Amino acid sequence: MVPTSFCSLQSSNVSSTPSISPLSISSLASSSSSSSSSSSSCSSLYLRPSSLFSTRLRSSHVFGDLHLKRSPEFKVKCAAGEQLKVMISGAPASGKGTQCELIVQKFGLVHISTGDILRAEISAGTEIGNKAKEFMNSGRLVPDEIVTAMVTTRLSGEDATEKGWLLDGFPRTLLQAESLQKLQIKPDIYLILDVPDEILIDRCVGRRLDPETGKIYHLKYFPPETEEIKGRLVTRPDDTEEKVKQRLEIYKRNAEAIAPVYSSITKKIDGSSPKEEIFEEISSLLSQIQKEKATKLGKSTLGLKSTSTQDSWRGIPTRLNNIPHSREIRKYFYDDVLEGTKRAVKDGRTRLKVEINIPELNPEMDVYRIGTLMELIRTIALSFADDGKRVKVCIQGSMGEGALSGMPLQLAGTRKILEYMDWGEYGALGTFVKIGSIGAKEVDEQDDMFILVAPQNAVGNCIIDDMKAMTDAAGDRPVILVNPRLKDLPGSSGIMQTMGRDKRLEYAASFQICYFFRLLYYAGTQYPIMGALRMSHPYGYELYKRVDEPSGKERYVLLTKYPTRPSTDDINDAFQGKERNAEKKSSGIWGFLSGIF
């Protein structure tokens, strides 16, 4: 039997933390009939989506406990010497968050920030976390000893030692720096983003709050719509120039104290330049360090080529039947979706579609998975906002009247989820990111692009007319559909809607796929995973087969590539090692599956 059923996955129990398999194009091993249920445990990578300036994002979704224990004989493990170890520092609003994301995407480092660690430790109820909570609840700063213990524990994680690490904004004080030195934790480079005070102050103090609506404006980047609104705007207590200057003074004082510790490896970067130029300089510095490390090990990296057309694509994560997925797995897919989407927008595409069906992003069988989908939406929105785009995230509203009013179950409450999510300390929500509905009236002149969250038809109601009105009003501005379901459904009378059906289907098909990922199973089953089909703009479709290894682990190997979306028969033939016969007609169950695929 051949894996051809492209169906959704139900929840399954978590047996271990998923790991990531590197991309391989080696000869195929025979596939077994079940996914292995065991894997070596590893620390999770803290979720770090894109940011607006140095925005920090927190989860609005419960993902399980993360335990970081410190033993009396604690000692940070170090890799063989080939992995990068980077520290980065910068004042508030220096753009440090943006550069951290770019560094992680290119070099695959584990991003570590004290804010993420504190929240994880407190949430997990560990001894260190409880101590930190006591200080925070009483309004006191968490002592250096506790923060340093958390950071050093995180640095000893398996993922950090295997991949290298990026320490974000730590150490902040001389005592913290000296503690790391005593533990022999030394970075390869200490990056400082240097931005003039006037720019930093302008980014922080230009915000204003409308006390009546709670809406946040920025005098330069997002001014109020009317004079009436402008007249009632107030400045938040922390956004005054005096408070911002105080924070900058504290940062400078601490930075000056730390400077001698890392003076020999410090590289100061002009943070007022465009972010692309800043990253180009940082990338050059880190690449040079990588080459020097490889040369010392006798493993020159010169001449090596990526096994994939996408340099940052490192293979399909494994253990995808185990949910909830780890932070690392979720972030892995968020970044993959984001890269394909941003390339498509950069290429001038304006009608785009993301289709990703992994267990953690499938609310069809488990509505609680909608929280993970909202995390993906937030990642995409904040990344474009970070580029200066004003993004409107659109949630389908109630359709129909009377007994027919309502919305699909998977979308119920999603707008509230988005509104209550943490969009960062710099007020992205309400300034660069807004939340709206689907329809022409939602298109405002200041909007640069639109993200539509899982738009779908419901029995008796069709969302396509509202979508078309909206895209017509948007003109050449990008509209991105994330996991749409736009097939025709029965009307209120119980029969299929026919009037205008061809035009509706034609409109739904006008959106170009910029990212596609779907797991493959045996027909009629949801287990085991047999492979996966992936596409990321502007590259073609890649067909992978899951294989078990003698060690009990698994990996995905590339079978073949397609310039366009393959049919079910194409996939059948590839798994059986056959050449595609263009004249072959599908029949039976395969023909049915081919038709719906």
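Nothing here was measured: the structure is a model prediction, and the numbers come from that model.
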Exercise for the section: Report yes if some heavy atom in the side chain of I117 is under 4.5 Å from a heavy atom in the side chain of V147; otherwise report no. Expected result: no
Practice task
Output yes when a side-chain donor or acceptor of R208 lies under 3.5 Å from a complementary backbone atom of V205, and no otherwise.
Solution key: yes
Practice task
Go through the steps for I88 and L166 under the test side-chain contact (heavy atoms from CB on, under 4.5 Å), then give the verdict.
Solution key: CA-CA 7 Å; I88 186 169; L166 172 63; 4.0 Å; yes
Exercise for the section: Answer with yes or no whether the side chains of R172 and T114 bring together a donor and an acceptor at under 3.5 Å. Expected result: yes
Problem - Sub-4.5 Å side-chain heavy-atom contact between F450 and V391 - result: no
Completion exercise
Value for CG (L183) from CG (L155), rounded to nearest 0.5 Å, stands at 9.5 Å
Handout entry: L193 to S94 - nearest heavy-atom pair and separation
Key = CD1-O, 3.9 Å
Practice task
Please say whether more than 12 non-hydrogen atoms of neighbouring residues, nucleotides or ligands are located less than 6.0 Å from NZ in K389.
Solution key: no
Exercise for the section: Would you kindly say whether K553 and T318 are connected by a side-chain donor-acceptor distance under 3.5 Å? Expected result: no
Exercise for the section: Measure the spacing between CG of L209 and NZ of K215 and express it to the nearest 0.5 Å. Expected result: 12.0 Å
Problem - Any side-chain heavy-atom pair of V393 and M374 under 4.5 Å - result: no
Handout entry: 4.5 Å side-chain heavy-atom contact, T148 and E178
Key = no
Handout entry: Polar side chain donor-acceptor pair, T126 to E121, under 3.5 angstrom
Key = yes
Problem - Approximate separation, where rounding is to 0.5 Å, of Y251 OH and R247 CZ - result: 13.0 Å
Problem - Residues, nucleotides or ligands: over 12 heavy atoms within 6.0 Å of Q246 CD - result: yes
Exercise for the section: Taking the side chain as every heavy atom from C-beta outward, state whether E419 and R415 have any atom pair closer than 4.5 Å. Expected result: yes
Practice task
Go through the side-chain N and O atoms of D386 and T98 and say whether any donor and acceptor fall under 3.5 Å apart.
Solution key: yes
Problem - Under-4.0 Å salt bridge between R253 and E249 - result: no
Exercise for the section: Give a yes or no on this: more than 12 heavy atoms of other residues, nucleotides or ligands lie within 6.0 Å of atom CD of Q446. Expected result: yes
Practice task
State the CG-CG distance between D159 and L109, to the nearest 0.5 angstrom.
Solution key: 11.0 Å
Problem - Donor-acceptor contact present, side-chain D168 to main-chain C100, <3.5 Å - result: no
Fill in the blank from the handout: Tightest non-hydrogen contact, residues V110 and R154, listed as CG1-NH2, 3.5 Å
Problem - Rounded distance [0.5 Å steps], CD in Q99 versus CD1 in I282 - result: 4.5 Å
Exercise for the section: Carefully, step by step, assess I377 and Y334 under the rule side-chain contact (heavy atoms from CB on, under 4.5 Å). Expected result: CA-CA 9 Å; I377 297 298; Y334 297 162; over 6 Å; no
Practice task
Go through D336 and K331 one step at a time and tell me if the salt bridge (Lys or Arg N to Asp or Glu O under 4.0 Å) criterion holds.
Solution key: CA-CA 8 Å; D336 200 34; K331 183 182 185 302; over 6 Å; no
Exercise for the section: Without swapping roles, check the side chain of S283 against the backbone of E280 for a donor-acceptor pair under 3.5 Å. Expected result: no
Practice task
Kindly compute the distance separating CD1 (I358) from OH (Y332), expressed to the nearest 0.5 Å.
Solution key: 12.0 Å
Problem - Non-hydrogen atoms of L180 and P171 that approach each other most closely - result: CD1-CD, 4.0 Å
Practice task
Report, as yes or no, whether the 6.0 Å neighbourhood of atom NZ on K245 holds more than 12 heavy atoms from other residues, nucleotides or ligands.
Solution key: no
Handout entry: 4.5 Å side-chain heavy-atom contact, R378 and V433
Key = no
Exercise for the section: Look only at the side chain of E277 and the backbone of P274, and say whether a donor-acceptor pair between them is shorter than 3.5 Å. Expected result: no
Practice task
Of all the heavy-atom pairs spanning G125 and N130, show the shortest one and how long it is.
Solution key: O-ND2, 3.3 Å
Practice task
Could you walk me through whether K342 and D387 pass salt bridge (Lys or Arg N to Asp or Glu O under 4.0 Å), step by step?
Solution key: CA-CA 11 Å; K342 297 195 82 168; D387 293 334; 2.7 Å; yes
Handout entry: Flag side-chain contact, heavy atom, 4.5 Å: K85 against K186
Key = no
Practice task
Determine, step by step, whether Y515 and V337 satisfy the side-chain contact (heavy atoms from CB on, under 4.5 Å) criterion, reporting the C-alpha distance in whole Å, the side-chain angles of both residues, the deciding distance to 0.1 Å, and the verdict.
Solution key: CA-CA 6 Å; Y515 183 85; V337 171; 3.5 Å; yes
Handout entry: Side chain Q176, main chain D144, donor-acceptor under 3.5 Å
Key = no
Practice task
Please name the pair of heavy atoms, one in S536 and one in R343, separated by the smallest distance, quoted to 0.1 Å.
Solution key: OG-NH2, 2.7 Å
Handout entry: Check: R534 side chain, E542 main-chain N or O, donor-acceptor pair, under 3.5 Å
Key = no
Handout entry: Greater than 12 external heavy atoms within 6.0 Å of E256's CD
Key = no
Problem - N/O donor-acceptor pair under 3.5 Å between S383 side chain and I380 backbone - result: no
Handout entry: K434 and D447 ion-paired at < 4.0 Å
Key = no
Practice task
For M150 and V142, run side-chain contact (heavy atoms from CB on, under 4.5 Å): C-alpha distance rounded to whole Å, both residues' side-chain angles, the deciding distance at 0.1 Å, then the answer.
Solution key: CA-CA 11 Å; M150 290 181 177; V142 180; 5.7 Å; no
Problem - S89 side chain to K96 side chain, donor-acceptor N/O pair below 3.5 angstrom - result: no
Problem - S287 side-chain N/O to S284 backbone N/O, donor-acceptor pair under 3.5 Å - result: no
Exercise for the section: Grab the two heavy atoms, one from A149 and one from I128, that are nearest each other, plus how far apart they are. Expected result: CB-CD1, 4.1 Å
Handout entry: N-O pairing of K252 and D197 below 4.0 Å
Key = yes
Handout entry: Test item: H111 and S113 side chains (from C-beta on) under 4.5 Å apart, heavy atoms
Key = yes
Exercise for the section: Please say whether the positively charged group of K267, taken as NZ for Lys or CZ for Arg, lies over the ring of Y190, i.e. under 6.0 angstrom from the six-membered ring centre and within 45 degrees of the axis. Expected result: no
